[in-house]
Every structure is written in structure tokens, then in C-alpha cells.
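Okay, so here's the structure we're looking at.
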Amino acid sequence: QVQLVESGGGLVQAGGSLRLSCAASGGTFSRYAMGWFRQAPGKEREFVTFISWNGGRTDYTDSVKGRFTISRDNTKNTLYLQMNSLRPEDTAVYYCAVKITGSSIATRTGYDYWGQGTQVTVSS
């Protein structure tokens, strides 16, 4: 059983930056691919970004390319999401997730464990 705890969310003005963290425990973090998803009020949870177990591969949804950066520190069992040039449409609850058995990178079904989420609010 893998436990994930997100932190770093908050309220920021448009154009600002935030860095989210996701601390993992209960498993072998360095073996797992990871992802970030987000869910805005009244909308489906959507894929944001993915990183392979060693950081050698990353993928981003088009709307965050060039603004968000996913990274990981396997010595600290921690996943990060650096978010720059934030926009009001980035407002959502952000979730980290572990990918162990699923095949899809960009859908919820591809991930096995989820954190509780952290709120990001971007004001205009």
C-alpha cells in the first residue's frame, strides 16, 4: 500500500508561481512512474503531467507545456510540480498519483494510488 501526501497549494495571483510536493511512503518510490492530475469544480479530473521512474521521460498536457515542470527526488521519495505563469484556469485541486500496473499515462485508470489533493487557486 502506497500513501501519498500533497502539499504546497495555495492562493496566488495570475502570473505567479507555486511548487507542489508529493511525499510518498509505504512502497518503493524509485520504481514507480508518477503523475499529477487536477480537478476543477464541476469538471472531470484531468491529466496534467507524467514522469517515468527515473525521470528520463516526461509528458505534459498541452495547456501547461512551457509553464509547468514535473520532477522527482528518489532519495527523498518526493515528487514535485513547479508551476509558473499561473492562470485562473489552472485553479483546481491537484492530485499526485502512482502508476504501477496501469498502461495508460494520461487517464485515471492508469494509476493505482492517489493522494488527497491540494487546492490551487489563481486569482485574476
Side-chain angles (χ1 to χ4, degrees):
Q1 188 82 3
V2 178
Q3 293 82 43
L4 303 171
V5 179
E6 301 97 335
S7 61
L11 174 63
V12 64
Q13 289 188 332
S17 298
L18 282 174
R19 188 193 196 200
L20 306 184
S21 298
C22 171
S25 61
T28 308
F29 179 80
S30 61
R31 295 182 180 178
Y32 306 142
M34 304 284 296
W36 286 98
F37 285 68
R38 65 186 180 186
Q39 187 166 15
K43 294 188 177 181
E44 294 289 321
R45 192 171 301 186
E46 66 173 357
F47 169 77
V48 177
T49 180
F50 161 88
I51 189 167
S52 62
W53 66 275
N54 63 353
R57 176 188 172 186
T58 58
D59 284 292
Y60 298 88
T61 193
D62 286 346
S63 63
V64 308
K65 286 180 180 177
R67 300 189 299 123
F68 289 12
T69 303
I70 190 171
S71 62
R72 64 191 298 159
D73 186 339
N74 286 346
T75 66
K76 297 181 178 179
N77 290 353
T78 303
L79 177 73
Y80 302 101
L81 182 63
Q82 178 66 44
M83 304 186 295
N84 299 328
S85 302
L86 283 161
R87 305 167 180 169
E89 53 264 38
D90 295 318
T91 295
V93 177
Y94 283 70
Y95 299 88
C96 64
V98 171
K99 180 176 181 58
I100 300 176
T101 61
S103 58
S104 172
I105 290 173
T107 62
R108 293 181 63 175
T109 57
Y111 294 79
D112 301 88
Y113 296 98
W114 296 81
Q116 83 290 345
T118 185
Q119 176 70 47
V120 171
T121 303
V122 184
S123 63
S124 58

[X] versus [Y]: any side-chain heavy-atom pair under 4.5 Å?
X: Tyr95; Y: Val48; answer: no
X: Phe50; Y: Tyr111; answer: yes
X: Met83; Y: Val120; answer: yes
X: Leu20; Y: Tyr80; answer: no
X: Leu79; Y: Ile51; answer: yes
X: Gln82; Y: Ser17; answer: yes
X: Thr69; Y: Arg19; answer: no
X: Tyr94; Y: Leu81; answer: yes

Could you check whether any side-chain N or O of [X] sits under 3.5 Å from a backbone N or O of [Y], counting only pairs where one atom can act as donor and the other as acceptor?
X: Arg72; Y: Ser52; answer: yes
X: Asp112; Y: Thr101; answer: yes
X: Asn74; Y: Trp53; answer: yes
X: Thr49; Y: Tyr60; answer: no
X: Trp114; Y: Gln3; answer: no
X: Thr118; Y: Ser7; answer: no
X: Thr107; Y: Ser104; answer: no

Verify the cluster assignment for Val12 and Phe68: are they in a single hydrophobic cluster under the rule of side-chain heavy atoms below 4.5 Å apart?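 Result: yes, single cluster for both.
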Using 0.5 Å steps for rounding, measure from the [atom1] atom of [X] to the [atom2] atom of [Y].
X: Leu4; Y: Gln116; atom1: CG; atom2: CD; answer: 8.5 Å
X: Asp90; Y: Thr121; atom1: CG; atom2: OG1; answer: 11.0 Å
X: Ser123; Y: Gln13; atom1: OG; atom2: CD; answer: 5.0 Å
X: Asn54; Y: Ser30; atom1: CG; atom2: OG; answer: 10.0 Å
X: Glu44; Y: Arg38; atom1: CD; atom2: CZ; answer: 14.5 Å

Closest non-hydrogen atom pair between [X] and [Y], with its separation:
X: Val98; Y: Met34; value: CG2-SD, 3.5 Å
X: Ile70; Y: Trp36; value: CD1-CD1, 3.6 Å
X: Ala40; Y: Ala92; value: N-CB, 3.8 Å

Report the residue from Arg108, Arg45, Glu46 that forms a side-chain hydrogen bond (donor to acceptor under 3.5 Å, both in side chains) with Gln39. Arg45
What pairs with Phe47 under ring pair (Phe, Tyr, Trp, His ring centres under 6.0 Å), at least two apart in sequence or on another chain? Phe37
Any salt bridge linking Lys65 with Asp62? Criterion: basic side-chain nitrogen under 4.0 Å from a carboxylate oxygen.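 Looking at Lys65 and Asp62, the cut-off is met.
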Taking atom types as modelled and ignoring hydrogens, do the side chains of Asp73 and Thr78 form a donor-acceptor contact shorter than 3.5 angstrom? no
In the hydrophobic cluster built from side-chain contacts under 4.5 Å, what are the other members alongside Val5?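 None; Val5 is a cluster of one.
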Which pairs with one or both residues in residues 2-80 pass disulfide (SG to SG under 2.5 Å), sequence neighbours excluded?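 Every pair satisfying disulfide (SG to SG under 2.5 Å) with a residue in residues 2-80: Cys22-Cys96.
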